[in-house]
Amino acid sequence: MKQLSLGKTGPYVELLQSVLKKYGYYDGNIDGIFGNMTKRAVTEFQEQAGLYPDGIVGKRTWGVLTPLINGYFIHTVSSGDTFYDLAKRYSADLRLILSANPQKDPENLKIGEEVIIPIQGGIVPTDVSYSYPIMNININSLFVRFPFLRRENVGKSVLRNDIPAIIFGEGKRKVMYNASHHANEWITSVVLMKYLEDICTAYVLGEDIFGIPAREIYENTSIYFIPMVNPDGVNLVTGELSDISGAYQYARKITPATLPFPSSWAANIRGVDLNSNYPAKWEEARKTKFSLGYTSPGPVEYVGTSPLSEPESRAMAEYSNKNNFALTLSYHTQGEVIFYIFDDFDPPMADEYAEVFSSVSGYILSEPSPLSAYAGYKDWFIQSFNRPGFTVECGIGQNPIPISQFDEIYRDNLGILTLAAAGE
Ligand SMILES: [Zn+2]
C-alpha cells in the first residue's frame, strides 16, 4: 500500500479514516483528505500499537492496520493452541474460524503452521469511495475468510483491469448480479459486495438472510456476482486514477465544461456508455442519443461505434452466453425504480418477480423511458434468452449518490437480492 501522510488525498486516505473510525481513533469526516485530525488519529493508533508515533502511514503501520482492514489475523500456531482457545483469545467466532481453515485438523494443529482468525466486524466498508483497488482488497479478504467462494474472470477493461466474478453457492440454478456499468454509480458495487459478505457469513453461521436459510440458497443456487463492470470509470470518479495519466487527461478533455468532472462521468474510460452498447435495438438507441446531441465519446450517453465495441460490454455478453443464467439483476442509481420490460418480450415469470421485487423494496415498476429504452444489458439479456432481467435503480438524488445513503439502499434491496436467488 502507498505511504500516506499529511496532505495526501484519495480513496486510500478514506479507507484509512474508515478503519481508524471503526476502531475508535478517528471521529472526523471520511473525506479522503489527510489533515491534522487524521494525523492525530494515526499517531494515537501508532502509540497504542507500539509503533513509532510519527503520524505517517508507512509499511509498518500498514502492516498493523492490514488485519483490521482485511477482517482477519494470520496466527502462527504455538504449542497447545486450539481453535477453541484462539476463538476466545481473539474474540472470534469458532464457526468462522473453522470455515476459514477447512484444510486444518482442529484436533491436531501443527506448531508453526499458519491459521486464519476472522475478527469481529465486517470486511466491506460502507463509508468510503469504493475504488477498484479497494474492492480487490475486499475480494481477497472474502476468499480467505470464505474459501468456499469461487472466482472467475469475466474479461478485461480498456485499461486492462480484470473484471472479476465471484460465485457463491453450488446449486444448478444460476443467477447473475452486476453493478457499476456506470462509473458514477459505484455505490452499487458496495451493495453487491456487502451482500456477498453477509450471505457468506449467514451461510457459515447457519442463519437466515431475509427470512431464507443461506444454506438453502447455497445448495439450490449459484449466485454470480460481477460487482464492478466498469473498473476504469470507477477509478476515475473515485479519485483513484492519477490526474496526470493520459486516460484522465483524455476524459477531462471530452467532458463538456457544463458538466462537473469527474463526478458526472458514467461511461467507460474511453467515453462509451456501456449500458448503451449492447446489441438490443442498438440502432434505435443510437438514433435517439444522436438526436439529443450525444454523437461522440463523452461522459454520458454515447453508444459507441458499434454494438459491443467495448471490451467490458463484450466480456459481459460472452460471459452471459456461456453461463445460462436464469435471471439477472443489473444495479444502477438512481430513482428507486425497477425496469424489467424490453420491447415486446414477455419472459416467463418476469411479471411475478417484478411484483415481488417492487413490494419488498418499495421501488416502483416502470416502463423504460425513451432515452434509455434500448441497448442496455438487461435489454440484451431479455432479448437473447427470453428470461427475466432487471435494472434496479437505487437511491434518490443526483449521481454519484452519496455513500451516506448506503444503509437505506441496502435495506431496500436485501429482499430483491435474496428472493432473486431463492427462486420461485
Ligand atoms: Zn446507470
Side-chain angles (χ1 to χ4, degrees), residues 129-130 132 135 157 163 176-193 225-238 251 255 259-260 262-278 280-282 285 288-289 292 294 297-304 310 312-313 316-317 328-342 357 361 363-382 389-403 405-406 409-410 412-413 416-417:
S129 297
Y130 207 61
Y132 176 70
M135 181 186 74
S157 68
I163 302 168
M176 188 266 274
Y177 305 165
N178 65 74
S180 293
H181 264 91
H182 288 143
N184 60 357
E185 302 175 6
W186 53 258
I187 194 173
T188 58
S189 298
V190 192
V191 172
L192 291 194
M193 290 294 293
F225 293 86
I226 305 178
M228 201 175 279
V229 176
N230 182 6
D232 308 344
V234 170
N235 278 346
L236 173 67
V237 174
T238 55
T255 299
L259 292 177
S263 63
S264 65
W265 192 272
N268 77 347
I269 201 64
R270 59 183 181 209
V272 175
D273 175 359
L274 295 175
N275 211 40
S276 301
N277 192 238
Y278 290 91
K281 293 213 159 182
W282 178 86
T288 310
K289 304 217 173 182
L292 293 166
Y294 302 111
V300 293
E301 308 291 357
Y302 175 60
V303 299
E310 302 310 296
E312 297 91 350
S313 48
M316 285 294 287
T328 59
L329 300 178
S330 299
Y331 267 92
H332 290 257
T333 59
Q334 52 84 41
E336 302 193 340
V337 175
I338 300 167
F339 296 106
Y340 67 108
I341 292 169
F342 172 65
F357 292 166
S361 62
Y363 289 7
I364 59 165
L365 299 176
S366 180
E367 303 264 335
S369 74
L371 180 63
S372 58
Y374 305 122
Y377 177 83
K378 83 114 171 53
D379 306 322
W380 174 81
F381 179 79
I382 293 170
F390 301 88
T391 293
V392 184
E393 298 276 3
C394 303
I396 287 279
Q398 198 171 349
N399 293 334
I401 294 287
I403 192 71
Q405 279 192 32
F406 180 83
I409 289 174
Y410 189 73
D412 289 344
N413 282 281
I416 297 178
L417 290 160

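As the structure lists them, so they are numbered: ligands from 1, and atoms in each ligand from 1. Just so it is clear, the model here is predicted, and its values are computed rather than measured. Start at 1 with the first residue, then count along the sequence.
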- Item | Short side-chain donor-acceptor distance under 3.5 Å, Glu310 and Asn277 | no
- Message: Side chains of His182 and Asp273 only: does a donor on one sit below 3.5 Å from an acceptor on the other?
- Response: yes
- Query: Is the Zn ion (ligand 1) less than 2.8 Å from at least one N/O/S atom of His181?
  - Reply: no
- Query: What is the name of the N/O/S atom in His332 that sits closest to the Zn ion (ligand 1)?
  - Reply: ND1
- Closest non-hydrogen contact found for Trp282 with Gly304 is CZ2-O, 3.2 Å
- For Ser361 and Asp412, does a side-chain donor sit closer than 3.5 Å to a side-chain acceptor? no
- Item | Of all N/O/S atoms in His182, the name of the one nearest the Zn ion (ligand 1) | ND1
- Query: Taking 2.8 Å as the cut-off, does an N/O/S atom of Glu393 lie below it from the Zn ion (ligand 1)?
  - Reply: no
